[in-house]
Amino acid sequence: MKHYYNSMSRSVTTDWMLKELDEQHEQININFSEDSPELRDLQTINPMGKLPTLVDGGNVITETAAICAYLSDKYLDKKLAPAIGSNQRAKYYRYLFIAGNTIEPALTLAASNMEHPNSATAGWGDKTRVVATIEAMTPHSGWALGDEFTAADIVFGGLLDSAVTFGMLAPSPKVAAYIFRLQQRPAYKETHNYFDEPMS
Ligand SMILES: N[C@@H](CCC(=O)N[C@@H](CS)C(=O)NCC(=O)O)C(=O)O
């Protein structure tokens, strides 16, 4: 597996996922400020030219949540995904999809002091509704799905963690405590060095 990566990008989340799984992979560092064969490869396999991008044999997987979902299903024995068809799986999908579809665009727009003129037609609504949803979906204790840590925590919790790190979300005490629990995981600690090297 080839993981296109930069330590200042969302690929930190997929790197965390790979570390939780403890699976071998080739890490391909991308520096967007320099033309390189690796950057050109990335732009060829992923027309968005974005990180993270994972290549597994003939499969090209892009989008943080899709990569985490793909990996958790590929390595089912590592138990980072609940069983297909289970009630937990229904909850799991919600955490995976709401992160990139709804939470991230709302927080990103708000961080630029922008809001869609009609929150009913914008898929992400608005920041007020998103913050209320984050609060409701954040677990009081343990993990998103209960006692078992899953890829839902990496995707949803990882997004909350980076949103707080980059000043896009002021965490409530419950959200701050959840992020703190995530940060205690050895795989989190090994993969989060945001400020070690610049992205460009
Ligand atoms: N929706 C994508 C967003 C990926 C993304 O925006 N990645 C940024 C780094 S954090 C990137 O590669 N930017 C480089 C560019 O757009 O040229 C995901 O969740 O993976």
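Every number for a ligand or one of its atoms is a count from 1 in the order of the listing. Reckoned from all heavy atoms, side chains included, excluding hydrogens, waters and symmetry mates.
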Q | Ion pair check, Lys78 and Glu23, cut-off under 4.0 Å | A | yes

Q) Of all the heavy atoms in Pro52, does at least one lie under 4.0 Å from an atom in ligand 1? A) yes

Q | Residues Thr121, His116; criterion side-chain contact (heavy atoms from CB on, under 4.5 Å); working and verdict | A | CA-CA 9 Å; Thr121 58; His116 191 280; 3.5 Å; yes

Q) Which of these, Glu104, Gln43, Arg10, Lys50, has its nearest heavy atom closest to atom 16 (O) of ligand 1? A) Lys50

Q) Under 3.5 Å between some N or O of ligand 1 and some N or O of Leu51? A) yes

**Q.** Test salt bridge (Lys or Arg N to Asp or Glu O under 4.0 Å) applied to Glu38 - qualifying residues, sequence neighbours left out
**A.** none

**Q.** Option with minimal heavy-atom separation from atom 17 (O) of ligand 1, where the choices are Gly49, Ser9, Pro105, Ala66
**A.** Gly49

Show me the donor-acceptor pairs, under 3.5 Å and distance only, between side chains in residues 137-150 and residues at least two apart or in other chains.
| unit_1 | atom_1 | unit_2 | atom_2 | d |
| --- | --- | --- | --- | --- |
| Thr138 | OG1 | Ile134 | O | 2.6 |
| Thr150 | OG1 | Ala152 | N | 3.1 |

Q. When you measure from atom 20 (O) of ligand 1 to each heavy atom in Leu159, Leu39, Thr64, which option holds the nearest one?
A. Thr64

Q.
Quiz question: by atom type and distance under 3.5 Å, do the side chains of Asp153 and Tyr178 form a donor-acceptor pair?
A. yes

